[in-house]
Amino acid sequence: MKYMHTGMIVGEKRDDMTFVEPLKVWITDASKDPYAIEFLYFEPDSPMAAAIQECPHVAYQVEDIDAALAGKSILWAKMDIGNAYIAFVYDNDTVVEFYQAK
């Protein structure tokens with residue numbers, strides 16, 4: 001497991017955000033932030049779980065997302081985003097994102 005970024009919720013869209021249509025969320029590119037922060041702004045009709053929309057999250061790249069999800073409390077099931085799979089869990093009182101490149 002390798003640390004990728006920390007996701008922080010913001011109350012307004014930023015100019016450097018990209019819209020992720022299926023999730024109805026605007027995000028910044030964490031690789032361009034000196035602290036690896038991904039800023040997120042959720043549209044009111046975003047289908048994502050409330051905990052994801054309200055709490056910061058920590059994201060990790062994993063080799064096997066299914067193994068990483070085993071036995072965890074799933075907030076957002078494994079989703080194909082084109083070049084990778086993502087999923088969110090609630091573990092150790094924390095929202096965690098798992099990312100597996102294809």
Side-chain angles (χ1 to χ4, degrees):
M1 192 165 25
K2 178 184 173 190
Y3 172 78
M4 290 184 67
H5 67 261
T6 299
M8 300 298 293
I9 313 308
V10 296
E12 296 180 359
K13 284 185 264 181
R14 295 170 35 142
D15 291 338
D16 58 344
M17 289 182 147
T18 302
F19 189 59
V20 181
E21 177 70 36
L23 305 178
K24 298 195 178 182
V25 61
W26 296 83
I27 62 170
T28 60
D29 183 348
S31 70
K32 294 182 179 176
D33 185 85
Y35 304 105
I37 296 174
E38 173 189 69
F39 294 96
L40 302 100
Y41 173 80
F42 291 91
E43 291 291 335
D45 58 345
S46 173
M48 299 200 79
I52 299 168
Q53 294 188 47
E54 297 167 1
C55 301
H57 71 267
V58 181
Y60 294 94
Q61 184 169 359
V62 295
E63 293 293 321
D64 181 348
I65 198 167
D66 295 315
L69 294 172
K72 302 286 191 288
S73 177
I74 307 293
L75 291 171
W76 189 262
K78 181 172 106 175
M79 177 180 188
D80 187 334
I81 60 168
N83 62 338
Y85 298 102
I86 63 166
F88 288 81
V89 300
Y90 191 71
D91 192 31
N92 197 26
D93 294 326
T94 305
V95 177
V96 179
E97 176 185 0
F98 294 127
Y99 174 98
Q100 177 187 329
K102 287 185 179 177

- Message: Testing the basics here: between Val95 and Cys55, what is the closest heavy-atom pair and its distance to 0.1 Å?
- Response: CG2-CB, 3.9 Å

- So which heavy atom on Pro22 is nearest to which on Pro47, and how close? O-CG, 3.6 Å

- Message: Please evaluate residues Val89 and Ile74 with respect to the criterion side-chain contact (heavy atoms from CB on, under 4.5 Å), reporting the C-alpha separation (whole Å), side-chain torsions for both, the decisive distance (0.1 Å), and the verdict.
- Response: CA-CA 4 Å; Val89 300; Ile74 307 293; 3.9 Å; yes

- Message: Determine whether a donor-acceptor pair (N or O, by modelled atom type, separation under 3.5 Å) exists between the side chain of Gln100 and the backbone of Ile65.
- Response: yes

- Item | Atom of Met48, atom of Gln53 and distance for their closest heavy-atom approach | O-NE2, 2.7 Å

- Is Asp15 atom CG crowded by more than 12 heavy atoms from other residues, nucleotides or ligands, each under 6.0 Å away? no

- Query: How would you list all residue pairs meeting salt bridge (charged side-chain N to carboxylate O under 4.0 Å, His left out) that involve residues 85-102, not counting sequence neighbours?
  - Reply: Asp80-Lys102

- Message: Just verifying a value: how many Å separate Asp29 CG and Thr18 OG1, rounded to the nearest 0.5 Å?
- Response: 7.5 Å

- Note on the structure: Here the pair of heavy atoms bringing Met17 nearest to Trp26 is SD-CB, 3.6 Å

- Message: Restricting to side chain to side chain contact (heavy atoms under 4.5 Å, CB included), what partner residues turn up for Asn83, sequence neighbours left out?
- Response: Ile81, Tyr99

- Query: So, Ser46 side chain and Val25 main chain: donor-acceptor pair closer than 3.5 Å or not?
  - Reply: no

- Using a distance-only test with no angle check, is there a side-chain donor-acceptor pair under 3.5 angstrom linking Asn92 and Thr94? no

- Message: Parallel, tilted or perpendicular: which one describes the rings of Tyr3 and Tyr60, with boundaries at 30° and 60°?
- Response: perpendicular

- Message: Please check: side-chain N/O of Thr6 versus main-chain N/O of Ile37, any donor-acceptor pairing under 3.5 Å?
- Response: no

- Note on the structure: Here the pair of heavy atoms bringing Ala77 nearest to Ala87 is C-CB, 4.0 Å

- Search all heavy atoms of Ala68 against all heavy atoms of Val62 and return the closest pair with its distance. CB-CG1, 4.1 Å

